[in-house]
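I have placed the structure first, in the form of structure tokens, so that the comments after it can refer back to it.
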Amino acid sequence: LTVQRNRRYHHIKVLNRVPPQQIKRTVSVIEDFALSEIGVPFTLFRDNDELMRYAEDAFGLGQARYEERDVRHGNLAESIKHFKEAMLYLETFEPKPNLYYQAEKGLGWAEAEQKARYEEYMFRADRSIRLREWAEAERHLRILSELVPDRGDPRYEKISAKLLNVEHHLR
């Protein structure tokens, strides 16, 4: 493990040992960062019971957000995120447990719903732009930005560009 702070580097090498109590918090922070920011799974370092609990929690959240998809537009994107997370936790299991396939099925439903809503609201936004109804176009584009919050998604860039254009016309 190499840690950089400012211009100083600190190298640690551990071979087949139980990690000391003092480093557990640091390892937890690094694992959380690796999973959330760069998508590196840490499933190899956990036992199966712990991974199953994490997967069940993530799946439960994914289902709850999917059921609440009409309450807030962002719930659909959160549902997709939680279903993917549940599948990630169960990735190392062989054979795959039933929960993995349930999460995969839920992910498919959520992504299909997100795609349909994206197309519907994008059509509405484009129509409003053509009719020069800028406030209405802005409303639809704001909904779209909630629906597709992932900056890595190419649809996000399209929404952002249109929203900037509409905001320019509103000024």
Next item on the list: Tell me whether the centres of the aromatic rings in H73 and Y121 are closer together than 6.0 Å.
Entry: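 Here the rings of Y121 and H73 have centres that are less than 6.0 Å from each other.
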
Is any side-chain N of the basic residue among [X] and [Y] closer than 4.0 Å to the acidic one's carboxylate O?
X: K162; Y: E167; value: no
X: K115; Y: E113; value: no
X: E120; Y: R124; value: yes
X: R53; Y: E56; value: no

Check: Going by atom types only, do E78 and H82 share a side-chain donor-acceptor pair under 3.5 Å?
Finding: no

Taking every non-hydrogen atom, the tightest pair across [X] and [Y]:
X: A77; Y: E146; value: CB-O, 4.3 Å
X: R142; Y: L163; value: NH1-CD2, 3.6 Å
X: Y89; Y: F93; value: O-CE1, 3.7 Å
X: A125; Y: A137; value: O-CB, 4.0 Å
X: S145; Y: I159; value: N-CG2, 4.0 Å
X: A110; Y: I80; value: CB-CG1, 3.5 Å

Can you tell me how far [atom2] of [Y] sits from [atom1] of [X], rounded to the nearest 0.5 angstrom?
X: L61; Y: K81; atom1: CG; atom2: NZ; answer: 9.0 Å
X: W134; Y: L141; atom1: CH2; atom2: CG; answer: 10.5 Å
X: R127; Y: I129; atom1: CZ; atom2: CD1; answer: 11.5 Å
X: K96; Y: M87; atom1: NZ; atom2: CE; answer: 9.0 Å
X: E104; Y: L90; atom1: CD; atom2: CG; answer: 11.0 Å
X: S128; Y: R139; atom1: OG; atom2: CZ; answer: 8.0 Å

Notebook entry, point to check: Can you check side chain to side chain contact (heavy atoms under 4.5 Å, CB included) on Y66 and N75, steps first, answer last?
Noted result: CA-CA 7 Å; Y66 184 74; N75 283 345; over 6 Å; no

Note to self: If hydrophobic clusters are built from ILVMFWY residues whose side chains come within less than 4.5 Å, do L147 and L164 share one?
What the structure shows: no

Check: Got a sec, which residues hit ring-ring contact (aromatic ring centres under 6.0 Å, His included) with F59, two or more places apart in sequence or on another chain?
Finding: F83

Margin query: I'd like to know if the side chain of R117 and the backbone of Q114 have a donor-acceptor N/O pair within less than 3.5 Å.
Written below: no

Check: Between the side chain of S79 and the main-chain N/O of G62, is any donor-acceptor distance below 3.5 Å?
Finding: yes

Notebook entry, point to check: Applying ring-ring contact (aromatic ring centres under 6.0 Å, His included), which residue pairs with at least one partner in residues 94-118 are found, sequence neighbours left out?
Noted result: none

Item checked: Beyond-backbone contact of L76 with R65, side-chain heavy atoms, under 4.5 angstrom -> no

Checklist line | Residues M52, D49; criterion side chain to side chain contact (heavy atoms under 4.5 Å, CB included); working and verdict | finding: CA-CA 5 Å; M52 184 58 87; D49 293 335; 5.7 Å; no

